[in-house]
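Following: one structure in structure tokens, then a few remarks.
Quick note on labels: first sequence line is chain A, next is B, and so on, each numbered from 1.
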There are 4 protein chains.
Amino acid sequence: MLIVMRPDATPQDIEQVNAEIRRRGWQPHAIPGGTRTAIGITGNRGVVEPEPFRVLPGVADAVLISQPFKLVSREVKPEDSKFQAGPLTLGGKTIHVIAGPSSVETRDQIVGTANGVKKAGATLLRGGAFKPHLSPYEFQGLKHDGLALLAEARRETGMPIVTEVKDTATLLQVAEVADVLLLGSRNMQNYALLEAVGEVRKPVILKRGISATLKEVLMAAEYIVARGNTRVILCERGIRTFETMTPNTLDLNAVPMLKSLSHLPVFVDPSHGIGMRKAVPALMRAAVAAGADGLLVQVHPDPPRAISDGHQTLDFPEFEKAMDEVRAIAGAIGRDVARLG
Amino acid sequence: MLIVMRPDATPQDIEQVNAEIRRRGWQPHAIPGGTRTAIGITGNRGVVEPEPFRVLPGVADAVLISQPFKLVSREVKPEDSKFQAGPLTLGGKTIHVIAGPSSVETRDQIVGTANGVKKAGATLLRGGAFKPHLSPYEFQGLKHDGLALLAEARRETGMPIVTEVKDTATLLQVAEVADVLLLGSRNMQNYALLEAVGEVRKPVILKRGISATLKEVLMAAEYIVARGNTRVILCERGIRTFETMTPNTLDLNAVPMLKSLSHLPVFVDPSHGIGMRKAVPALMRAAVAAGADGLLVQVHPDPPRAISDGHQTLDFPEFEKAMDEVRAIAGAIGRDVARLG
Amino acid sequence: MLIVMRPDATPQDIEQVNAEIRRRGWQPHAIPGGTRTAIGITGNRGVVEPEPFRVLPGVADAVLISQPFKLVSREVKPEDSKFQAGPLTLGGKTIHVIAGPSSVETRDQIVGTANGVKKAGATLLRGGAFKPHLSPYEFQGLKHDGLALLAEARRETGMPIVTEVKDTATLLQVAEVADVLLLGSRNMQNYALLEAVGEVRKPVILKRGISATLKEVLMAAEYIVARGNTRVILCERGIRTFETMTPNTLDLNAVPMLKSLSHLPVFVDPSHGIGMRKAVPALMRAAVAAGADGLLVQVHPDPPRAISDGHQTLDFPEFEKAMDEVRAIAGAIGRDVARLG
Amino acid sequence: MLIVMRPDATPQDIEQVNAEIRRRGWQPHAIPGGTRTAIGITGNRGVVEPEPFRVLPGVADAVLISQPFKLVSREVKPEDSKFQAGPLTLGGKTIHVIAGPSSVETRDQIVGTANGVKKAGATLLRGGAFKPHLSPYEFQGLKHDGLALLAEARRETGMPIVTEVKDTATLLQVAEVADVLLLGSRNMQNYALLEAVGEVRKPVILKRGISATLKEVLMAAEYIVARGNTRVILCERGIRTFETMTPNTLDLNAVPMLKSLSHLPVFVDPSHGIGMRKAVPALMRAAVAAGADGLLVQVHPDPPRAISDGHQTLDFPEFEKAMDEVRAIAGAIGRDVARLG
């Protein structure tokens, strides 16, 4: 159930609705819009009767939300969400490109990459400090030292930092440094982590699980938003199919589908998405043409020497050329690609 | 094995190589290129020794083909294939859009659709006369009458006709009318039909099976080309995944992958690809951005009244708008979209 | 719609119902049961009104069939189908095991295998004469000579022959020799072949496509039965999943599901099903425990030297041991495994 | 690398090997066997040279482990693992059946179910107290009260308790009550939880992720064993495929494959595996026939009234009948099904 307030509703009107919701043992969730506020209700068992709300002052309407995901659905908020991430505004017509290496390795590598991708037009820097890995014996990242190097790269370039949070134990440390948290695909249904991230006041990129349905992606986002963190970006990053020639299969159907179902920004990671370097630029272009609000791209000064993911990582010249194409595509559909000052 | 002839090789030189190949019980396949001819060898068991061929007059080199698909591979022919389809040239920088209804229904419907999609910029007309269906009790198409109506629409508009061939028994009838044959995804490994289509002198659009790997698509194309029909277009049309919100999942990874592995043109069918009308325009744009050489789009004057596939079919205004976007995207990456005179 | 006749209905009663159905432009399909006949109706558009049939003499009831598959559904015929295949009765409590090589290679090979598998307890001999293959350059089988060798093996051992039919052009030749036709997974939706097989008076094993849903399997069977050939066996033979360690994933869920939805016998092919020799015996046991009515198993005197499918083929000692286990499992669930005289 | 000690090696010999491994900055993992000890090495980068170890006293051999999973692989320990879970021994020839409801609901429900399933032959009681759910608004379990009720059911029946641990925050509470921890499929790659469970001294059932490859299952188990908890049971519980008629597809291929690759016990959960009540008994039989070492089955006194998973839950009569069949199947392949006192 969504209570839609009139444009001229007062704060007192809104508070009266909230109080009425709480009185029944439910939770109100204010969802501010361009011209008016809506209030979502969660915590109810069974159907919420609209009549008692419709008669309250300032209420324009009370509408049923048909989807199991509520706060993240377009039904609840028809216009696209936009929000701050460091100095930038994500969501909306302007496309942002996040670029950087899979793993933070050294100061030279991460600062060098930051300068390289900034020059090519990326606005945020990605780099892994805490790395989840298939094997307990693999490199797990530079951890705190990696975070410090990311912070240094930010100081040098002004680029906000995007880095993965892999568990609740390290969340606060990571959130202290990161401008945007990255929640990896293996953790998409790690509910304890979703809830913890929902309590943090940092934007989160939620990566789709490798075999998560679109509904499951939206339910995972609902976990975060229901805890109060509304700055969630949905991210398609490749699904698992029968194909063996590429590690993953990027699912660009997800872009128009998620955009139509949810008001949240939708980003695409073509690097993990196909897992094959030579095909990444074509899929960067396609993602933007499909309507993506942003891209995550793995870039490294010397991909064959990268500690991880070199096979799907672009070098600077490849990334620059791909960014030129991305800008041309964005222009062709009436959008633009952000640049740092 | 591929015998690459020198640019100045004479027809006699080529014939001598052919004779040498036949003498060993194998088959030669001449593959004409821009400046010189290459000759593929098939029918051998085990490895072909290059030395006996390298010493023949006019031979530049004899090279091993590492892939199981030979004649369709880029190794055999590095430049993109282009060929005639009616009055048009398919392949190359110019993108062609094939549009029309799932089923031919009436004279008014098909001629009206032809005029509508031509005006919006389609260059070929699609329409099903022989329709394969999941149920033996469903509508199987207007058959011969449908072909006659397609021919009439061609006379009225000058648009070449693309229509499905569903079995060997009706192949010749269909091939007599069609300018381009469409081989449906259920038939992608119907080897008798592939071989029969390989004997026909009409271009063929080979649709990927719903769970065919990229290698399997290329092996199916190899069946056709090995029989002498080199005018094959590969077509991505959606794969089967775990997602239940959409009937299919369009796999745009296939575009850069197939383009890198094969010299054949690659088309995309976003209508079947996702099976959901509202998402088709976004995927038309994405397919072109990914590098597709053409599109197949289902269009009908009144989709909700279409006999089949209405849920994934655009109406004229939707198609016109999508074509404007497709042209803008094509321009942004240095390509153009063909128009009929 | 299904017209259920009374146990005491006369042939004249049945003919009157048939005539009434035909008068409306539909087709009647008599479905003989243990104690009474039912008559399926196909060819109708829209709903069939039951009343005009309920008043005819000899009619017990007229019931709606809810599934898109009609003649093959349990709703139409609650008891298990049983039918003749050469001298044997397939379906029912007795389990039959079909064994033999992927390809017929030589007289010694096929007669030797027939003797070997008969001794171990197989009742039907399988062997491929016409072989569909991924590549146009691979061995396509001994064809007519292969059929002749199979006939010879039958003469020597009394084992009925099961062999693949790969296209309509060779169907009649194959049907002349085969006791049971095998329709391969790539042809499961080759409707021309399904219809042609529906006209032939030989039992057919219909293999599930590698990504066919259970509904699609039943619709394919419906094509055959609708043409008059009611002797259809459904066969699970492995589906395509994301797993890369085995070529296929045998889906034993299909056994209880198909048994509950259809009255047709359900066989299982664990050799193709997992595609890995060492795991075949475990899956033979599991298939029987799940309720399979028969098995197809690849057996060869010397698997590593088999022309095709050696990696998933048992030798005689492995097959004998597995058959002992299969008999024990069958006994444990109140079934038995057939033996030849 | 695996250092295999001679049967007569002394504790001092073993300690010397351990010291030598630690001296190089690696970790030794003692793997006790029937007649002799082996010592796994982890933490090395690059290849371990065997020579320096072969010359140490008590060392029989130093062998390379070819798989990325080490401590859980059959190469490291050829014989099946057996271990204690409460008063029971899991692994080996005797099959154990774990049964109970999806959610602990009330004292009567859980104690009643415990008595019911014990009578039918289950040896362990399952029941969810902390329940992960797709939606943040769904029932999340009775939590501590649920654990207390499970403990009460154990006191009443003597059945050890199996219950899910869903995150690190509640692990210790759960581990205090549970005899066996259940790690759910969504958490299969929750590395923080895997590592925490690796530190706990309770057996763990590790459920396969819905699209986890077999290699990924074994790598997840390796995380637990590498931390010192060797009592891990692998559990197949259904994968995600294209099929829409059933919620999941039980993959019984996993049983022979995992048994051949690993020494750990392999259990099967047919309830989640297919997600359809009527098909569960057939898959219980098939799992045992395929070689499963145990089963997890959802049972409830009144499945349609269960708070969760009623559609895949058996009632007592169904479970009793299925257990009779399971015992018969086990007997047929030379195994037995455990019973409590």
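When the candidates C/Ile274, C/Val255, C/Asp324 are compared by the number of heavy-atom contacts under 4.5 Å with chain D, C/Ile274 comes out ahead. The choice from C/Gly238, C/Gly334, C/Ala290 that makes the most heavy-atom pairs within less than 4.5 Å of chain D is C/Ala290. Per-residue counts of heavy-atom pairs under 4.5 Å with chain D were compared for C/Ala332, C/Ser211, C/Pro281; the largest is that of C/Ser211. Counting heavy-atom pairs closer than 4.5 Å to chain C, the top residue among D/Ile239, D/Leu261, D/Thr244 is D/Ile239.
Contact annotation: the side chain of C/Thr213 never approaches that of D/Met245 to less than 4.5 Å [non-hydrogen atoms, C-beta and beyond]. Looking at heavy atoms from C-beta onward, C/Pro256 lies out of side-chain contact with D/Lys278 at the 4.5 angstrom threshold.
Summarising the geometry of C/Ala279 relative to D/Met257, their closest heavy-atom pair is CB-SD, 4.4 Å, with the distance given to 0.1 Å. The shortest heavy-atom contact between D/Ala289 and C/Ile329 is CB-CD1, 3.7 Å.
Proximity to chain D is limited to the backbone of C/Ala212, based on heavy atoms less than 4.5 angstrom apart. At a 4.5 Å heavy-atom cutoff, the contact between D/Thr249 and chain C is made by backbone and side-chain atoms alike. Interface remark: D/Met284 contributes no atoms to any contact with chain C (heavy atom separation under 4.5 Å). With a threshold of 4.5 angstrom between heavy atoms, D/Leu283 approaches chain C through side-chain atoms but not through N, CA, C or O. Contact annotation for D/Asn248: only backbone heavy atoms (N, CA, C, O) come within less than 4.5 Å of a heavy atom of chain C. When heavy atoms are compared at a cutoff of 4.5 Å, D/Arg327 does not approach chain C at all. With a 4.5 angstrom heavy-atom cutoff, D/Lys259 does not touch chain C via any of its atoms. Of the two parts of D/Ala254, neither the backbone nor the side chain holds a non-hydrogen atom closer than 4.5 Å to a non-hydrogen atom of chain C.
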Evaluate salt bridge (Lys or Arg N to Asp or Glu O under 4.0 Å) for C/Arg335 paired with D/Glu325, printing each intermediate quantity in order. CA-CA 12 Å; C/Arg335 301 185 72 164; D/Glu325 296 168 345; over 6 Å; no

Stepwise side chain to side chain contact (heavy atoms under 4.5 Å, CB included) test for C/Thr241 and D/Phe242: CA-CA 9 Å; C/Thr241 69; D/Phe242 52 81; over 6 Å; no

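Note that OG1 of C/Thr246 is 7.0 Å distant from CG of D/Leu214, once rounded to the nearest 0.5 Å. One finds the CG atom of C/Leu252 at 7.5 Å from the CG atom of D/Asn253 (value rounded to the nearest 0.5 Å).
The pair D/Arg208-C/Glu243 counts as a salt bridge, with a side-chain nitrogen and a carboxylate oxygen less than 4.0 angstrom apart.
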